[in-house]
Number of protein chains: 2
Amino acid sequence: MDKRILIVDDDPELRALLRDYLGGNGFAVDLAEDGAAMRKAMAAAAPDLVILDLMLPGEDGLALCRALRAESPSLPILMLTARGEDTDRIVGLEMGADDYLPKPFNPRELLARIRSILRRAGENAVREAPARALAFAGWSLDLGARHLVGADGVVVPISNGEFKLLRAFAENPFRVLSRDQLMDVLAGREAGPFDRSVDVMVHRLRRRLDDDAREPALIKTVRSEGYMLAAEVERKS
Amino acid sequence: MDKRILIVDDDPELRALLRDYLGGNGFAVDLAEDGAAMRKAMAAAAPDLVILDLMLPGEDGLALCRALRAESPSLPILMLTARGEDTDRIVGLEMGADDYLPKPFNPRELLARIRSILRRAGENAVREAPARALAFAGWSLDLGARHLVGADGVVVPISNGEFKLLRAFAENPFRVLSRDQLMDVLAGREAGPFDRSVDVMVHRLRRRLDDDAREPALIKTVRSEGYMLAAEVERKS
DNA sequence: CGGTTTTGTTAACGGCTTGTTACGCTTTGT
DNA sequence: ACAAAGCGTAACAAGCCGTTAACAAAACCG
């Protein structure tokens, strides 16, 4: 059975091109030029994957991505971004895109990514349920109760900011998160040039985790790039 | 093994320039002045990448691009375009090329793009599992924790710059890395003509590894070319 | 409503990392 | 042999970050 792909892009030429190219490679293709058309197409035929342009007139691609994610948590999304944009934020944290591709792109690469995403989605036929706790290095972050549990089972209260920060780290282990990304998680805005609040929050989080900044076992500093959680994370549900 | 690049351009001076420049940077270069010569060259030796001028007498570059694509779907193509054209749309919509560069261009930028394209192509070919650690000569570079482990198991902290430098070396053992490449790894920018910062960082890394510059056992200097890690590297996962 | 506690932000100081410059040695070319 | 270029090293300057303290804003609570 052919997989169904919904393409959301405002450029008619690109839509036609993708329709032909993907259609010629064994996919059933639906087209939409904006958010409204997307919703209509979603209602008409549930796609197996959505290709979403980040830059859309009217509703922003990111907003649509969030809406899709809220509606269909297991629906794979591939975002198209203009070259040079800050792609980190999209792939990044809770945005929810499964992959992204900068424009202009090579159709073979698009095809490869589509197949890769669909393969992954097939493997996790049951997409990972949202975890209830993230466990790492003896600690466990309870996402429901929003507190930490130590190795000995002791509950450690944690501030809201520390929780959001730690959740972002634990959901992206071994990945360097920039100050901009962390600021986005913490306050929903970009970090100013002399903004040190992220550093202070990281300091407090480290203190909470008994992590020494000079020899950090958990939260590593990557100079001039950001911070990273260096620990295996197990998702518990 | 050197990568083979085929250059298709009708300007003899540009052909000679690229032959010298790319040849001097470790590529095997073939030249063609038009579509017929291109086909001949393709038959003689399969290149790893084609640089194609958009404006050619006789057969159009775009037509050649499509022909190449039909013939060798996985062959990377880089297009050269005249300034002022709407290159975004050409490449984005026609989507045959992997990248494009407007003329006149900076040879360094061309080189960077070539390497970027070849890197991507290589990744797609063999998606090697990312290693956890790179071990060489008694040392082990922990890629997750971003630190060094000595022969006796002692953890040696390492600065971010030293880490990135050593990772670049350990992922390319017995290969000379130019200052430009190392500068790209370290700072993501080009090295200025009198830039010695790479040398200084190599000096610091050598000190960290107990390597004497006069008789280097690990990081060899290759005069006027760059540096090289002369040790077997084992990828551990 | 007023006071208290918690949380987030800003400022300042100091240490560490990185970039820059200079000097001297070695190699290379003439 | 000389000059020029490449490189190792040290010293210095600038930038980044850890930490603390103080302050402001928000939440909490009686």
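The chains referred to below are lettered A, B, ... by the order of the sequence lines, with proteins before strands, and numbering in each begins at 1.
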**Prompt:** Just to confirm, is there a sub-4.0 Å distance from OP1 or OP2 of D:dC7 to any side-chain nitrogen or oxygen of B:Arg196?
**Reply:** no
**Asked** The side chain of A:Arg179 lies closest to which of these nucleotides: D:dC17, C:dG19, D:dG8?
**Response** D:dC17
**Message:** Distance check needed: C:dG19 C1' versus B:Asp199 CG, whole Å only.
**Reply:** 12 Å
**Prompt:** So, are A:Arg206 and A:Asp212 salt-bridged, with charged N and O less than 4.0 Å apart?
**Reply:** no
**Asked** So, B:Arg132 and B:Glu234, do they make that salt bridge, N to O below 4.0 Å?
**Response** no
**Asked** Which of these nucleotides, C:dT21, D:dG18, C:dG8, is closest to any side-chain atom of A:Asn160?
**Response** C:dG8
**Message:** So A:Arg204, base contact, sugar-phosphate only, or nothing? Heavy-atom distance under 4.0 Å.
**Reply:** base
**Request:** Starting from P on D:dG8, measure out to CZ on B:Arg214 and report it in whole angstrom.
**Result:** 11 Å
**Message:** From CZ of A:Phe163 over to C1' of D:dA27, roughly how many Å is that when rounded to an integer?
**Reply:** 18 Å
**Spacing between B:Asp211 atom CG and D:dC7 atom P, to the nearest angstrom** = 16 Å
**Prompt:** Which nucleotide in the set C:dT18, C:dT9, C:dT21 lies at the smallest distance from any side-chain heavy atom of B:Met201?
**Reply:** C:dT18
**B:Arg179 and B:Asp199 ion-paired at < 4.0 Å** = yes
**Request:** For B:Val202, report the nucleic acid contact type (base, sugar-phosphate, nothing); a contact means any heavy atom under 4.0 Å.
**Result:** nothing
**Asked** Contact class for A:Thr221 vs. all strands (heavy atom < 4.0 Å): base, sugar-phosphate, or nothing?
**Response** sugar-phosphate
**Message:** What I want to check is whether the side chains of B:Asp195 and B:Ser197 have a donor and an acceptor closer together than 3.5 Å.
**Reply:** yes
**Asked** Can you tell if the side chain of B:Ile5 reaches within under 4.5 Å of the side chain of B:Ile114, non-hydrogen atoms only?
**Response** yes
**Prompt:** Any side-chain N or O of B:Arg223 under 4.0 Å from OP1/OP2 of C:dT28?
**Reply:** no
**Message:** So, does A:Tyr227 get its side chain near the phosphate of D:dC16, meaning an N or O under 4.0 Å from OP1 or OP2?
**Reply:** no
**Asked** Looking for any heavy atom pair under 4.0 Å, which part of the strands does B:Val222 touch: base, sugar-phosphate only, or nothing?
**Response** sugar-phosphate
**Asked** Taking CD from A:Glu215 and P from C:dT17, how many angstroms apart are they, rounded to a whole number?
**Response** 11 Å
**Prompt:** Does a nitrogen or oxygen in the side chain of A:Ser159 sit under 4.0 Å from OP1 or OP2 of C:dG8?
**Reply:** yes
**A:Arg206 CZ - D:dT20 P separation (whole Å)** = 13 Å
**Asked** At what distance, to the nearest 0.5 angstrom, does CG of B:Leu205 lie from CZ of B:Phe169?
**Response** 7.0 Å
**Request:** Considering just the side-chain nitrogens and oxygens of B:Ser224, establish if one lies under 4.0 Å of OP1 or OP2 belonging to D:dC7.
**Result:** no
**Message:** Rounded to whole Å, please give me the gap between NZ in B:Lys164 and P in C:dG19.
**Reply:** 9 Å
**Prompt:** With nearest nucleotides of DNA chain C determined for A:Phe194 and A:Arg208 from heavy-atom distances, which residue corresponds to the more 5′ nucleotide?
**Reply:** A:Arg208
**Request:** Whole angstrom is fine here: how far is it from CG in A:Asp195 over to C1' in C:dA11?
**Result:** 12 Å
**Request:** Respond yes when some side-chain nitrogen or oxygen of A:His203 is under 4.0 Å from OP1 or OP2 of D:dC17, and no when none is.
**Result:** no
